[in-house]
Amino acid sequence: MPELPEVETIVRELKPLLTEKKILSCTILRDTYLETDDPEDFVKQIEGRVILAVERRGKYILWKLAHGTIVSHLGMTGKFIRLAKDDIIPKHTIAIFRFDGFNLILNDMRRFGLLLFAPAGTTPGPIESLGPEPFSEELNPDYLAEMFKVRSRPVKEILMDQGIIAGLGNIYACEVLFRLKIHPLMPGSHFPAARLPQLITVIREVLNEAIEHAGTTISDYKRVDEKSGEYQDMLMVYGREKEPCKVCGTAIVRETSNGRSAFYCPSCQLM
DNA sequence: AGCGGAACCTGTCGGC
DNA sequence: TGCCGACAGGTTCCGC
């Protein structure tokens, strides 16, 4: 569901809500969701603790406590919803976090997400293996040249590989490649090295624009206040199979690659 | 090492 | 109306 812009939007909304607030209590409704066989320990670790900061790393949401970090990933359908104390708990709720004056719930219909507590000094495996943040200096043409050079897989898959760049998913990978006029199935090793600086610029442009529009809502993604994002109206190719390309009018094509749909304009985007 | 495919879940939509 | 298959913002694991 959520890619970097959606997670960034949620983190920005959680910050003023949770920073300096104490977790009064926590109830886990689906304990198999937790990355631990001891859900009671998770609750024990966090109850009564104060959230010092809320941060994002890739598509992961981090609540920093003095003695560790609560790590969550929203998978495809996860969301945090702010509820009044007496509101009915919706279907598919995973966890309830109670604060002074409100409850925050984690809800995830398909249960592809993740929730864990990482004690201070430890880094959970999935975060350890993340590549650089798109807005960091570590993402530079030299680094990407190394990554692309040896890979035969399609550029779209490389852009979506969290170990190479953290945060891009199917929507924004498709949109970035449309803007570059590069075919999503072009082998990574064929990507012209001279265009790597432009690739980085476009990744940042697309992500920034999506963040400004509070992310993309196709069906499930909702903000903490249940409002939708606005970037779906700006999408050029994602989800637009058979619609005319907004640049040249050719029908947009959908093609499956590695189990995911690649959307592209067959005349604008070249191998 | 890198790649493709399946698996993990539930819901929705389109076609017959 | 109803059933069935395809598909959905993701990640991980397994076998080649």
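Sequence lines set the chain letters: A, B, ... in the order given, protein chains first and strands last, and positions in each chain run from 1.
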Quiz prompt | Closest nucleotide among C/dC7, B/dG2, C/dT11 to the A/Arg254 side chain | solution = C/dC7
Quiz item: Roughly, in whole Å, what's the span from CG in A/Leu168 to P in C/dG10?
Solution: 10 Å
Self-check item: C/dG10 OP1/OP2 closer than 4.0 Å to side-chain N/O of A/Arg260
Solution: yes
Quiz item: Relative to A/Tyr33, does A/Arg111 satisfy both conditions: NZ or CZ under 6.0 angstrom from the six-membered ring centre, and within 45 degrees of the ring's axis?
Solution: no
Quiz prompt | Spacing of A/Tyr33 atom OH relative to C/dG10 atom P, expressed in whole Å | solution = 14 Å
Self-check item: Euclidean distance for P, C/dA6 against B/dG5 (whole angstrom)
Solution: 15 Å
Self-check item: Distance, P atom - from B/dA1 to C/dG10, rounded to whole angstrom
Solution: 26 Å
Quiz prompt | Inter-nucleotide P distance (C/dC3, B/dC9), Å rounded | solution = 25 Å
Quiz item: Would one find a side-chain N or O of A/Arg153 under 4.0 angstrom from OP1 or OP2 of B/dG2?
Solution: no
Quiz item: Under 4.0 angstrom, heavy atoms only, what part of the nucleic acid is A/Ser219 near: base, sugar-phosphate, or nothing?
Solution: base
Practice problem: Whole angstrom is fine here: how far is it from CG in A/Leu4 over to C1' in C/dT11? | Solution: 16 Å
Exercise. Using whole Å, report how far CD of A/Glu146 lies from C1' of B/dA1.
Key: 15 Å
Exercise. Considering only NZ, NE, NH1 and NH2 on the basic side and carboxylate oxygens on the acidic side, decide whether A/Asp161 and A/Arg153 come within less than 4.0 Å.
Key: yes
Quiz item: Can you give one letter per nucleotide of nucleotides 5-16 of chain B, going 5' to 3': B for a protein heavy atom under 4.0 Å from the base, S for sugar-phosphate only, - for none?
Solution: B--BBBS-----
Practice problem: Taking only Lys NZ, Arg NE, NH1 and NH2, and the carboxylate oxygens of Asp or Glu, determine whether A/Glu3 and A/Lys59 approach each other closer than 4.0 Å. | Solution: no
Exercise. Could you tell me how the ring of A/Phe42 sits relative to the ring of A/Phe97: parallel (under 30°), tilted (30 to 60°) or perpendicular (over 60°)?
Key: perpendicular
Quiz item: Hey, which of A/Lys227, A/Arg223, A/Arg56 is the one that makes salt bridge (Lys or Arg N to Asp or Glu O under 4.0 Å) with A/Glu13?
Solution: A/Arg223
Quiz item: Does A/Val237 reach the side chain of A/Glu175, with side-chain heavy atoms less than 4.5 Å apart?
Solution: yes
Quiz item: To the nearest angstrom, how far is A/Lys149 atom NZ from B/dA1 atom P?
Solution: 17 Å
Quiz item: Do A/Tyr143 and A/Pro132 come within less than 4.5 Å of each other through their side chains, counting heavy atoms only?
Solution: yes
Exercise. Check whether any side-chain nitrogen or oxygen of A/His73 sits under 4.0 Å from OP1 or OP2 of C/dT11, and answer yes or no.
Key: yes
Quiz item: Just how far, in rounded Å, is C1' of C/dT11 from CG of A/Leu115?
Solution: 16 Å
Quiz item: Separation of A/Asp108 atom CG from C/dG10 atom C1', in whole Å?
Solution: 10 Å
Quiz prompt | Salt bridge flag under 4.0 Å for residues A/Glu209 and A/Arg179 | solution = yes
Exercise. Identify whether the distance between the nearest side-chain nitrogen and carboxylate oxygen of A/Glu146 and A/Lys149 falls below 4.0 Å.
Key: yes
Practice problem: Check the distance between C/dA8's P and A/Glu3's CD and give it to me in whole angstrom. | Solution: 13 Å
Quiz item: Are A/His67 and A/Phe117 an aromatic pair by the rule of ring centers under 6.0 Å?
Solution: yes
Exercise. Go through DNA chain B and write down every stem, that is, every run of at least three consecutive Watson-Crick or G-U wobble pairs with distances under 3.5 Å, as range with range.
Key: B:2-8 with C:10-16, B:10-16 with C:2-8
Quiz item: Is the distance from OP1 or OP2 of C/dT11 to the nearest side-chain N or O of A/Gln162 less than 4.0 Å?
Solution: yes
